[in-house]
Amino acid sequence: DSGVTQTPKHLITATGQRVTLRCSPRSGDLSVYWYQQSLDQGLQFLIQYYNGEERAKGNILERFSAQQFPDLHSELNLSSLELGDSALYFCASSGGDRDNYGYTFGSGTRLTVV
Amino acid sequence: GQQLNQSPQSMFIQEGEDVSMNCTSSSIFNTWLWYKQDPGEGPVLLIALYKAGELTSNGRLTAQFGITRKDSFLNISASIPSDVGIYFCAGRNYGGSQGNLIFGKGTKLSVKP
């Protein structure tokens, strides 16, 4: 157990729908990162939050949004889902904002859009 | 944007063999990390490198931060079946607009049939 908790583990939904993925960071970690992993693209950075504020944005689609709450858990919202959004979505956390250390990853949410 | 080229994409190992993989970048990084991902799990940090030329070991794993700061390699000695999985390199450069980890596409290690 890495200490980073992601729910749900699996999600199957139809095109056009909206889903919310949830992440609880490791105890004491203030930064949360979201990554998308698809077969041909590897791990793609989506967005980072630090202590409730957006800190950095990667290749995140406009249909996707995220937030980090006062208790530091984070949610990734995916809307108007398309078949190509099917992927593994990972949340990771780290202690600070610009840590020079690695991130701790959760076990991921596998999203299947049908 | 910054890209990491990781090779080989896949390789087969026989128990006892040494394994080598590497990662190159078009940009300079000031941190290199190596992760391993098992099926159904998230990546787990294996080794972190912070200085050009640094050579770091973690058990049978050895990784080096290239002198040019644009490459890194990971060696696994005397491989065992549980070494199977996907290995990712990751780099970070806070000088860029994106100070977050950039990942390679992974090297998949499988057991030789």
Side-chain angles (χ1 to χ4, degrees), chain A residues 1-10 21 23-26 29 31-50 54-60 66 87-112, chain B residues 1-10 21 23 25 29-52 54 56 58 61 63 65 69 72 74 85-108:
Chain A
D1 181 6
S2 69
V4 178
T5 305
Q6 287 189 251
T7 57
K9 202 156 174 63
H10 302 276
L21 313 184
C23 168
S24 292
R26 209 174 46 158
D29 283 356
S31 271
V32 168
Y33 311 81
W34 286 97
Y35 281 82
Q36 179 192 56
Q37 185 179 37
S38 49
L39 276 173
D40 57 345
Q41 290 297 319
L43 282 156
Q44 296 290 313
F45 169 67
L46 297 178
I47 198 163
Q48 177 201 358
Y49 276 82
Y50 171 73
E54 184 185 302
R55 189 64 83 190
K57 244 179 177 173
N59 301 320
I60 187 166
L88 267 168
Y89 290 84
F90 286 104
C91 166
S93 72
S94 71
D97 175 19
R98 292 163 73 84
D99 285 319
N100 206 23
Y101 306 109
Y103 307 156
T104 302
F105 281 81
S107 297
T109 294
R110 180 174 293 281
L111 173 68
T112 304
Chain B
Q2 293 173 320
Q3 287 194 342
L4 292 184
N5 297 309
Q6 190 171 345
S7 64
Q9 266 188 311
S10 62
M21 61 193 78
C23 215
S25 167
F29 285 110
N30 54 30
T31 303
W32 281 98
L33 304 161
W34 285 92
Y35 282 84
K36 183 192 178 201
Q37 185 178 23
D38 290 324
E41 297 297 327
V44 173
L45 181 65
L46 298 173
I47 289 182
L49 302 155
Y50 301 110
K51 212 160 53 170
E54 181 181 355
T56 296
N58 178 7
L61 277 58
F65 192 141
R69 295 167 63 193
S72 177
L74 175 71
I86 303 178
Y87 291 79
F88 291 98
C89 62
R92 179 194 283 123
N93 179 6
Y94 280 124
S97 59
Q98 185 177 2
N100 292 290
L101 286 183
I102 309 296
F103 281 82
K105 291 195 176 182
T107 294
K108 185 175 180 180

Original post:
Taking every heavy-atom pair that is under 4.5 Å apart, which of B/Gly106, B/Pro43, B/Ala90 has the most such pairs with chain A?
Top reply: B/Pro43
**OP:** Please report the shortest heavy-atom distance between A/Tyr103 and B/Tyr35, naming the atom on each side.
**Re:** N-OH, 2.8 Å
**OP:** Please look at B/Gln37 and chain A and tell me whether the side chain, the backbone, both or neither of the residue comes under 4.5 angstrom of a heavy atom of that chain.
**Re:** side chain
Subject >> Leading residue by heavy atom contact count with chain B [cutoff under 4.5 Å; candidates A/Gln37, A/Lys9, A/Gln6] >> reply: A/Gln37
Subject >> Within 6.0 Å of CD in B/Gln9, more than 12 heavy atoms from elsewhere >> reply: no
Original post:
For the atom pair CZ (B/Phe103) and OH (A/Tyr35), what is the distance rounded to the nearest 0.5 Å?
Top reply: 5.0 Å
